[in-house]
Amino acid sequence: MLATVMGAIDLGYRVVIVADAVCSGADSTHDAMLAIYESRYGMQVETVTTADLLAARLDGML
């Protein structure tokens, strides 16, 4: 997923990651990558939960 996210950032896309719908080989790696996305790429990457994504869709925000 890292390569895809970085490629999208390089192309100028806004990226939304559904944090509870992706995984890694280790929980600590998963948590560390989400922290990097949020802290370093916060202007381009947004992390949400599945519930938040569905609520936004129902509210017509997507």
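More than 12 heavy atoms of other shown residues, nucleotides or ligands fall within 6.0 angstrom of atom CG in D10.
Atom CG of L53 is separated from atom CD of E46 by 9.5 Å, given to the nearest 0.5 angstrom. Within the model, atoms CG of D20 and OG1 of T50 stand 3.5 Å from one another, a figure rounded to the nearest 0.5 Å. Note that the CD1 atom of I36 and the CG atom of L2 stand 8.0 Å from one another [nearest 0.5 Å]. Rounded to the nearest 0.5 angstrom, M1 CE and H30 NE2 are separated by 8.0 Å. Separation of atoms OH (Y37) and CD1 (I9) is listed at 7.5 Å; rounding is to 0.5 Å.
Hydrophobic cluster membership is shared by L34 and Y41, with clusters built from Ile, Leu, Val, Met, Phe, Trp and Tyr side chains linked at under 4.5 angstrom. In the hydrophobic clustering of ILVMFWY residues, with side-chain heavy atoms under 4.5 Å counting as a link, V18 and V22 come out apart.
Within the 4.5 Å cutoff, the side chain of R14 has no heavy atoms near those of the Q44 side chain. Looking only at side-chain heavy atoms (C-beta outward), V48 and I17 stay at 4.5 Å or farther from each other.
T49 places a side-chain N or O within donor-acceptor distance of the main-chain N or O of D52, the cut-off being under 3.5 Å.
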